[in-house]
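What follows is a short report on a single structure.
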Amino acid sequence: MSSIVSAPVEFPGKAHFVEALDEALALDGSANVTASIRSALCRLIEEQRIELPACVYKPLPDHYARRELYRSERYGYAVVAMTWGPGQGTPIHDHAGLWCVEGVWQGALEISQYELSERDDQRFRFRPVGTIQAVAGSAGSLIPPHEYHAILNPSKRSVTVSVHIYSARMTNCSVFSPLGDDWYQRKQRPLTLDRMQ
């Protein structure tokens, strides 16, 4: 991924989108905020009043794309559109302690959730706790410490687009590489943004 300083992005329905998110962010507590954003995101996808920029439907050949659509100066949250080419996905990762709401705008994603069961310095043992098949119009949330997961576009032909609202701009996360016997090695990964073109 390339490191891009994002400029404000305009798209039809943006004001309506931001208004719905700001309304949710005015609530107290992470659980209330994320529940309200989940509900709003499902409604916004279903209403089809928002037209995301055309570039978010274009996958990149070597990695899933991260394109920032909006960052709130008032509340600090960031909205990132992710574009998943066929078979593209992530390793097990965390969200660096940030809550997140993820909605599928187009296509489908397979989201595998994990619980941390043991750790030994830089080694982490995870227990799989389930896999969700998320389809267009659905949304879910992650609130630390329940943030460990992996994402995959299971399709061999279709592109998936998802929209992620983070409590703050996420510039890095931990990714976990398998060592065997459910043990994983942690590595810090910087997160960058792709061009809006």
Side-chain angles (χ1 to χ4, degrees), residues 1 21 24 30-31 33-46 52 56-57 59-60 62-69 77-117 124-178 182-189 191-194:
M1 293 185 201
L21 296 179
S30 297
V33 169
T34 55
S36 183
I37 292 175
R38 266 195 329 269
S39 176
L41 194 51
C42 290
R43 184 181 73 250
L44 293 168
I45 296 169
E46 184 179 330
L52 298 180
V56 306
Y57 298 95
L60 298 176
D62 58 341
H63 64 272
Y64 70 93
R66 299 181 78 247
R67 298 175 175 111
E68 187 172 85
L69 299 177
Y77 68 84
V79 181
V80 177
M82 296 189 188
T83 312
W84 311 84
Q88 289 182 341
T90 71
I92 299 174
H93 64 282
D94 67 14
H95 278 178
L98 303 177
W99 60 252
C100 176
V101 177
E102 305 172 341
V104 180
W105 205 270
Q106 169 187 287
L109 289 174
E110 186 177 282
I111 302 166
S112 300
Q113 300 171 307
Y114 296 85
E115 288 286 344
L116 179 62
S117 60
F124 294 72
R125 177 172 266 170
F126 290 106
R127 180 178 62 85
V129 292
T131 298
I132 298 167
Q133 304 297 323
V135 297
S138 64
S141 58
L142 297 163
I143 302 174
H146 305 289
E147 60 182 319
Y148 301 106
H149 65 294
I151 301 176
L152 174 69
N153 174 3
S155 175
K156 294 180 180 178
R157 298 181 305 278
S158 302
V159 172
T160 294
V161 176
S162 56
V163 173
H164 303 240
I165 297 98
Y166 299 98
S167 57
R169 194 175 197 190
M170 194 165 83
T171 58
N172 62 74
C173 70
S174 296
V175 296
F176 300 88
S177 303
D182 297 326
W183 283 99
Y184 291 77
Q185 181 78 39
R186 180 173 68 178
K187 180 180 179 184
Q188 288 297 311
R189 174 180 288 175
L191 294 173
T192 55
L193 297 171
D194 295 292

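Numbering starts at 1 and runs along the sequence shown.
No side-chain donor-acceptor contact under 3.5 Å links E147 to the backbone of P144.
Counting only heavy atoms from C-beta outward, the side chains of Q106 and L52 never approach each other to under 4.5 Å. For the pair S162 and E102, the minimum side-chain heavy-atom distance is 4.5 Å or more. Under the 4.5 Å side-chain criterion, counting only non-hydrogen atoms from C-beta, H95 is not in contact with H164. Side-chain atoms of L116 and P145, non-hydrogen and from C-beta on, never get closer than 4.5 Å to each other. Looking at V159 and Y57, their side chains never come closer than 4.5 Å, going by heavy atoms from C-beta outward. Taking the side chain as every heavy atom from C-beta outward, V175 and C173 approach each other to under 4.5 Å.
Here the OH-CG distance, from Y114 to D94, works out to 14.0 Å after rounding to the nearest 0.5 Å. The line from CG of N153 to CG of L109 is 6.0 Å long, rounded to the nearest 0.5 Å. Atom CG of L193 sits about 10.0 Å away from atom CG of L69, to the nearest 0.5 Å. Separation of atoms CD1 (I37) and CD1 (I165) is listed at 6.0 Å; rounding is to 0.5 Å. Interatomic distance, CD1 of I92 versus OG of S112, reported as 8.5 Å (0.5 Å rounding).
Looking at residues two or more places apart in sequence or on another chain, you find a side chain to side chain contact (heavy atoms under 4.5 Å, CB included) between L44 and H16, F17, A20, E47, I50. R127 meets the salt bridge (Lys or Arg N to Asp or Glu O under 4.0 Å) test with no other residue; sequence neighbours excluded. Listed by chain and number, the residues in a salt bridge (Lys or Arg N to Asp or Glu O under 4.0 Å) with R189 amount to none (sequence neighbours excluded). Scored by the side chain to side chain donor-acceptor pair (under 3.5 Å) test, Q185 finds no partners at all (sequence neighbours excluded). Here T90 pairs with Y64, W84, H93, A150, I151 under the side chain to side chain contact (heavy atoms under 4.5 Å, CB included) rule; sequence neighbours left out.
Here the closest non-hydrogen pair linking G137 and C42 is O-SG, 3.3 Å. Smallest separation of non-hydrogen atoms from P154 and A108: CD-O, 3.7 Å. When all heavy atoms of V161 and V56 are compared, the pair lying nearest together is CG2-O, 3.3 Å. The heavy-atom pair separating A78 from R169 by the smallest distance is CB-CA, 3.9 Å. Nearest heavy-atom pair, I111 versus A134, reported as atom, atom and distance to 0.1 Å: CD1-CB, 4.1 Å. The shortest non-hydrogen separation linking I143 to A31 is CD1-CA, 3.9 Å.
Shown are L60, V80, T192, T83; of these, the side chain to side chain contact (heavy atoms under 4.5 Å, CB included) with R66 is made only by V80.
Shown here is Q188, whose CD atom has more than 12 heavy atoms of other residues, nucleotides or ligands within 6.0 Å.
Applying the ring-ring contact (aromatic ring centres under 6.0 Å, His included) definition to pairs two or more places apart or across chains, those involving residues 125-146 are F126-Y148, F126-F176, F126-Y184.
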Subject >> Worked verdict on L98 versus Y77 for side chain to side chain contact (heavy atoms under 4.5 Å, CB included) >> reply: CA-CA 10 Å; L98 303 177; Y77 68 84; over 6 Å; no
